[in-house]
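Taking it in order: structure first as structure tokens, then the write-up.
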2 protein chains.
Amino acid sequence: MRKKTTEEYIEIICLLEKQEGRAQTGRIAEAIDVKPPSVTEMLRKLEHEGFIVYESYAGATLTPAGEEMARDLRKRHRTFADLLELLGVGGETAEADACQFEHHVSPETLEHLRVFLAFLKESPDGRRCLEAFGEFRKRRG
Amino acid sequence: MRKKTTEEYIEIICLLEKQEGRAQTGRIAEAIDVKPPSVTEMLRKLEHEGFIVYESYAGATLTPAGEEMARDLRKRHRTFADLLELLGVGGETAEADACQFEHHVSPETLEHLRVFLAFLKESPDGRRCLEAFGEFRKRRG
DNA sequence: GATCATTTTTAGGTATACCTAAATCTGGGT
DNA sequence: ACCCAGATTTAGGTATACCTAAAAATGATC
């Protein structure tokens, strides 16, 4: 499979830390589908970069910088996933595509999408817009 | 900078072929910001994979498979770029983000976005929706 | 048709993220 | 306290896309 990015490691470490108190090498390895030695190596790199604290044989926990990155990623992910679902993309696919987009979006575009999402969800005009889109799709087949 | 994908090579080869009849090593290298020897290496790989015909010292041209990939990429690119611009993202940013998204979108999501784009551009309801979104953004500041 | 500047390829090397196999650590059960 | 199973790290190796420097091919000019 594809090489994993810093951001993907941070996301799964964040998840495991919440679920299990800390992120262990083996659990990370399963989650992102690489072998444990590769995880050990990456954890050292992430520690060097200041995103995690890593203790041999014990696992990793996020530093404030790591937590900020995780928060940011979660926000980006939700923006894309919610938007895609509102536009009718199936849940699984929406999640999967959000997982890709979240790593590649610029701050400017993200902000625009966030506002558009708010428009669709929170304003009467936006909700009407979604309904009209639903009709449009039906007419199209 | 980042490693370039097959798709990025195909895109620039397609562009150069249209602009200059064929894609020369040096022109590809400038365009994607790598050195010529790296391009030679990738051209061999792309030929092996069936996307281009590569002649030493002469350059590359797309095979039917390569052209299909290029067409497909162009379509994906336009979908994202147009959609982002309609939502108010600046032209440069919209293009840059489209360049990223086009490589990571699933067929299902792409199809939904394409229909949504058609809705916005071609239906009265869609155009009303865009106007309402413009108002919404103004109110937001 | 020989020369020379430019372009391209060849040769050899780097960095990164991955792997397997073997060694080492850790914590629970006796 | 010891042992052992399971987890983790160490050691060493692979693949890929990149690089620089040097060699070779191209083609424009005389």
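Residue numbering restarts at 1 for every chain, and letters A, B, ... go by the order of the sequence lines.
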Donor-acceptor side-chain pairing of A/R22 and A/T61 below 3.5 angstrom: no
Value in whole Å for how far the P atom of D/dA15 lies from NZ of A/K4: 18 Å
Rounded interatomic separation in angstrom, taking CD1 from B/I28 and P from D/dA17: 15 Å
Charged N-O contact under 4.0 Å between B/D125 and B/R128: yes
Value in whole Å for how far the P atom of C/dC19 lies from CE of A/M42: 12 Å
Between C1' of D/dT16 and CZ of A/R2, the distance in whole Å: 15 Å
Identified salt bridge (charged side-chain N to carboxylate O under 4.0 Å, His left out) partner of B/R78 from the options B/E95, B/E85, B/E102: B/E95
Phosphate contact (C/dC18 OP1 or OP2) by A/Y9 side-chain N/O below 4.0 Å: yes
Atom-pair distance (CG on B/L43; C1' on D/dA17), nearest Å: 13 Å
Rounded distance (Å) that lies between atom P of C/dA17 and atom CZ of A/R44: 15 Å
Nucleotide C/dA22, atom C1' - distance to NZ of A/K35 in whole Å: 16 Å
Atom-to-atom span, CE of B/M1 to P of D/dC19 - whole angstrom: 11 Å
Nearest-neighbour nucleotide for the A/Q24 side chain, D/dC18, D/dC19, D/dT8 considered: D/dT8
Trace of the salt bridge (Lys or Arg N to Asp or Glu O under 4.0 Å) decision for A/E131 with A/K138: CA-CA 11 Å; A/E131 274 177 45; A/K138 258 185 233 157; over 6 Å; no
Position toward the 5' end of DNA chain D (nearest nucleotide), A/T25 or A/K3: A/T25
Under 4.0 angstrom between B/K45 side-chain N/O and D/dA17 OP1 or OP2: yes
Closest nucleotide among C/dC18, C/dT26, D/dC18 to the A/Y57 side chain: C/dT26
Sugar-phosphate only, base, or nothing, as touched by A/S38 at under 4.0 Å among non-hydrogen atoms: base
Touch class at under 4.0 angstrom, heavy-atom based, for B/E41 against every strand present: base
A/P37 or B/P36, whichever maps to the more 5' nucleotide of DNA chain D: A/P37
Geometric class of the B/H104/A/H104 ring pair [parallel <30°, tilted 30-60°, perpendicular >60°]: parallel
